[in-house]
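Structure record follows, encoded as structure tokens.
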Amino acid sequence: MAINSNYPTDNSGRNPNTPPAPRHPVLLKLLGCAVYAAFATSLSLSIGVFWLAAQPGGDSLVIKRGEPGAVTEPVKETFTEAPKATHDESAPLMPPARISGRNKEKIFDSPDYKCLDGIECFEAGANLMGRAKYREAAVQLKLGCEMNNPQSCWKMGELEFRRWIPDASREKADYYFRQSCFQGLFGAGCIGLVDNLRKNFAPSSERDMAITQALDIACRQGIQKACNDSAVTVTPDGTKPKKPEAITDAQAEELAQACQEGDSKACLSVAQHYENHPDLSPKERTDKARQIYELLCQKRDPQGCQNLRKIKRAAGI
């Protein structure tokens, strides 16, 4: 067989008479690009997986081949929850003389707010009254009076006496003032009772006796206005109520013992004894009386707190 001289022979065993297959440069370029893109994508994924695994907690983000859920179950992230603050959601917000300014008013104005003790009820009611929110004040003051807080009873009597709330009456004012004065021995409540009796009730032996008793209590609690009034008020039997009599040092020592045992009235008597003692210097009088009033106020005794404020104001403390 003749060999075509137009094609050179080679040693590959290929028929030198067969022409070479035609070349397609465009297809070759596309194929090369596809191979390169697949390689680059695989490399990027591998680097990303190794990087995630190297992070804190990264093991939980990578599912190894062969593990359950490697194909069908999604990867779940795990977090450690911060501890939650303990708070009784059913308990109302409470300011108790510990919160001041606008914060306090926001709490008192809340429709869900309910005072928890007599002192707090009085504080809330007085704050609301100062902003002419009389109906809201009445809610808190009634609760305080039911808790035997004489200050709350006194302010509730003021709401009734001045007719600042619907359905106010002189009888209701009389009730609240009597609770404050005769049950709580609160001087301001006694003054309110006297004003209501004189303005809204006709003279009678019962009314006049109540006025005298209220003024005497108020005078004993240090209200000078009541002491001055008591000097001219005559009881039905023709006698005049006396101002508190001074006690001796020996009596003061006995009362001090009773005071230590929890007798608030004894504490008040001892404090007033020191406050007016003729043989003590003004500073000694103030210091001795103030210490007893502070103890009383810590026990939430209204008269002790009132006298403490008065003595501090006088001493410029």
Side-chain angles (χ1 to χ4, degrees), residues 115 117-126 128-129 134-135 137-237 239-244 263-265 268-269 272 296 299-307 309-310:
C115 56
D117 59 55
I119 294 293
E120 184 188 333
C121 293
F122 166 71
E123 184 182 8
L128 292 165
M129 282 182 67
Y134 302 126
R135 291 189 181 186
V139 174
Q140 308 303 329
L141 293 172
K142 282 182 180 178
L143 288 173
C145 190
E146 291 172 0
M147 298 176 191
N148 299 319
N149 177 256
Q151 294 165 304
S152 297
C153 296
W154 162 53
K155 281 295 185 181
M156 193 62 218
E158 287 288 316
L159 290 176
E160 297 285 353
F161 175 67
R162 301 183 186 280
R163 299 186 179 278
W164 284 343
I165 54 177
D167 302 322
S169 68
R170 63 176 189 172
E171 289 79 14
K172 292 179 184 177
D174 182 71
Y175 167 77
Y176 287 116
F177 283 139
R178 285 176 184 266
Q179 288 293 108
S180 177
C181 179
F182 296 147
Q183 300 298 323
L185 301 179
F186 188 61
C190 295
I191 295 298
L193 175 60
V194 170
D195 290 342
N196 185 52
L197 288 172
R198 285 177 170 168
K199 181 177 180 180
N200 295 320
F201 290 84
S204 67
S205 59
E206 191 279 332
R207 188 204 76 154
D208 294 342
M209 178 64 75
I211 289 174
T212 298
Q213 292 174 344
L215 289 171
D216 188 53
I217 292 173
C219 180
R220 290 178 182 275
Q221 300 303 328
I223 299 179
Q224 191 60 42
K225 173 184 176 182
C227 295
N228 295 338
D229 196 311
S230 297
V232 297
T233 301
V234 179
T235 59
D237 60 2
T239 62
K240 294 183 179 180
K242 297 180 180 180
K243 297 182 182 180
D263 188 337
S264 298
K265 291 183 180 180
L268 284 172
S269 297
Q272 290 168 355
L296 286 171
K299 296 178 181 178
R300 296 194 169 186
D301 181 87
Q303 194 60 49
C305 293
Q306 181 181 351
N307 290 357
R309 288 192 295 269
K310 183 182 70 173

Just how far is it from atom [atom1] of [X] to atom [atom2] of [Y], taken to the nearest 0.5 Å?
{"X": "Met147", "Y": "Cys115", "atom1": "CE", "atom2": "SG", "value": "5.0 Å"}
{"X": "Leu143", "Y": "Gln140", "atom1": "CG", "atom2": "CD", "value": "6.0 Å"}
{"X": "Arg220", "Y": "Gln272", "atom1": "CZ", "atom2": "CD", "value": "9.5 Å"}
{"X": "Arg300", "Y": "Asn149", "atom1": "CZ", "atom2": "CG", "value": "9.0 Å"}

Any heavy-atom pair between the side chains of Leu296 and Ser264 that's under 4.5 Å?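 Yes, at least one pair of side-chain atoms sits under 4.5 Å.
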
Using the rule given for side chain to side chain contact (heavy atoms under 4.5 Å, CB included), can you reason through Tyr134 versus Arg162, listing the C-alpha separation, both sets of side-chain angles and the distance that settles it, and then say yes or no? CA-CA 11 Å; Tyr134 302 126; Arg162 301 183 186 280; over 6 Å; no

Verdict with supporting geometry, Arg135 and Leu128, side chain to side chain contact (heavy atoms under 4.5 Å, CB included): CA-CA 9 Å; Arg135 291 189 181 186; Leu128 292 165; over 6 Å; no

Using 4.0 Å as the upper bound for N to carboxylate O, is an ion pair formed by Glu160 and Arg178?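 Between Glu160 and Arg178 there is no salt bridge, as every charged N stays at least 4.0 Å from the carboxylate O atoms.
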
Pairs involving residues 176-203, ordered by first then second residue, that meet ring-ring contact (aromatic ring centres under 6.0 Å, His included) (sequence neighbours left out):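 Pairs touching residues 176-203 that pass the test: Trp154-Phe186.
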
Evaluate whether atom NZ of Lys172 has more than 12 neighbouring non-hydrogen atoms of other residues, nucleotides or ligands under 6.0 angstrom away.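 Yes, enclosed.
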
Could you go step by step and tell me if Asn200 and Glu171 meet the side chain to side chain contact (heavy atoms under 4.5 Å, CB included) rule? CA-CA 9 Å; Asn200 295 320; Glu171 289 79 14; over 6 Å; no

Using only the SG atoms, establish whether Cys121 and Cys145 come within less than 2.5 Å of one another.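 The answer is no, since Cys145 and Cys121 keep their SG atoms 2.5 Å or more apart.
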
For a side chain to side chain contact (heavy atoms under 4.5 Å, CB included) check, start with the C-alpha distance between Gln183 and Asn148, then their side-chain angles and the critical distance, and finish with the verdict. CA-CA 8 Å; Gln183 300 298 323; Asn148 299 319; over 6 Å; no

